[in-house]
> 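Please read through the structure below; I'll follow up with questions.
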Amino acid sequence: MTVLQRSRRSVLAAGSVVLAAAGLASGCSVLGPDEPESIKPPDADALRAVARESLDLAARYDDAIAKNSNESARLAPIRDAHREHAAAIGRSLDATVAPSGGAAAASPSASAGSSGPLKALQSAERAAAERATTACLAVASYYAPLIGAIAAARASHAEALS
Amino acid sequence: MTRADDRLMAAVVAEHAAIFGYGPVGARLDASTVTLAQAAEAAHRARRDAVVMRLLQRGVKAPVAEAAYALPAPVTDQASALKLAIMIEERTAAIWRAALIDTTGDDRRLAVDGLIDAAIRATRFRKAAGVTPTTVAFPGRLEPN
């Protein structure tokens, strides 16, 4: 039987390939459990650490863009994503996450060599993705999709810079 | 059947569909991009097999693949093939992201790895397609970011 024949039938179901879409449409919401009434201190710490790292990374991109404006089109969306990540965590915590004192931002590798800055950002993204993955595995389930998506975004940033 | 089992079953369905989708995708790609699709298909197979095995170990029978799946749009050339590949990865990412909330321990590890790998592949295909930006802020979130 050809794909085409099958398609006529299955288009009725979802109309979309990745029939995963069918799963999404049938009530498999990401929003499972309600937001916990109070966040446990270890979870709050883990979320704040991920958010601080997002802001530190954003600052490093600001720096890289300032030094290399012809990479702006590629780097600005990534910087903005990091800020969005911090803001989303801030909403989850219902509190402002202030930028850290610049601990991670002070990493010296950011200013090394001419092709160095992008390579340094790439490895910073990979390391940050690892840390977000670890956090994703540790936090209460309500926070896991957000932190998991941040881990995935960081990993994809490293890919975008390659 | 636990909620985690349900999420893993949904993921198996998504992975079956992804594997199917790379058939028509691969047929329309040139030599330099077809290797991306082949690697992606192999990764989806490996992930699917791992999830099926995980379910089997708990006595849960995973859903089998359909003979074919509907494509959202005809795949007629390299551009439409890459578009489908990007969509496959975005949808797979969404299924794995959704699984995070109902899973713990090794199951959550499986889910976050599935999400991360799909996000990386989506970026690879956006780069190959010349789509910018090549990343999204929240992989697996299907509504506009």
> Answer with side chain, backbone, both or neither: which region of A:I78 has an atom nearer than 4.5 Å to a non-hydrogen atom of chain B?
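When you check distances to chain B, only side chain atoms of A:I78 fall under 4.5 Å.
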> Does one side chain, of A:R154 or A:S54, offer a donor that lies under 3.5 Å from an acceptor on the other?
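Short answer, yes.
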> Quick one: are A:E53 and A:H82 in side-chain contact, heavy atoms under 4.5 Å?
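A:E53 does not reach A:H82 side chain to side chain.
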> For A:A88, is it the side chain, the backbone, both or neither that has a heavy atom under 4.5 Å from a heavy atom of chain B?
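Contact with chain B: side chain only.
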> Below 4.5 Å, heavy-atom pairs only: which of A:A73, A:A149, A:A158 has the largest tally toward chain B?
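So the answer, after comparing A:A73, A:A149, A:A158, is A:A149.
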> Side chains of A:S162 and B:K127: any donor to acceptor distance under 3.5 Å?
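There is such a pair between these side chains.
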> How about B:V12 and B:M9: do any of their side-chain heavy atoms sit closer than 4.5 Å?
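B:V12 vs B:M9: side chains apart.
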> Given heavy-atom pairs under 4.5 angstrom as the criterion, report whether the side chain, backbone, both or neither of B:T134 touches chain A.
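The answer is the side chain of B:T134.
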> Which residue out of A:A76, A:A138, A:A144 racks up the most heavy-atom pairs below 4.5 Å with chain B?
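The answer is A:A144.
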> Can you classify the ring geometry of A:H85 versus A:H157 as parallel (below 30°), tilted (30 to 60°) or perpendicular (above 60°)?
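Rings of A:H85 and A:H157: parallel, as their planes differ by under 30°.
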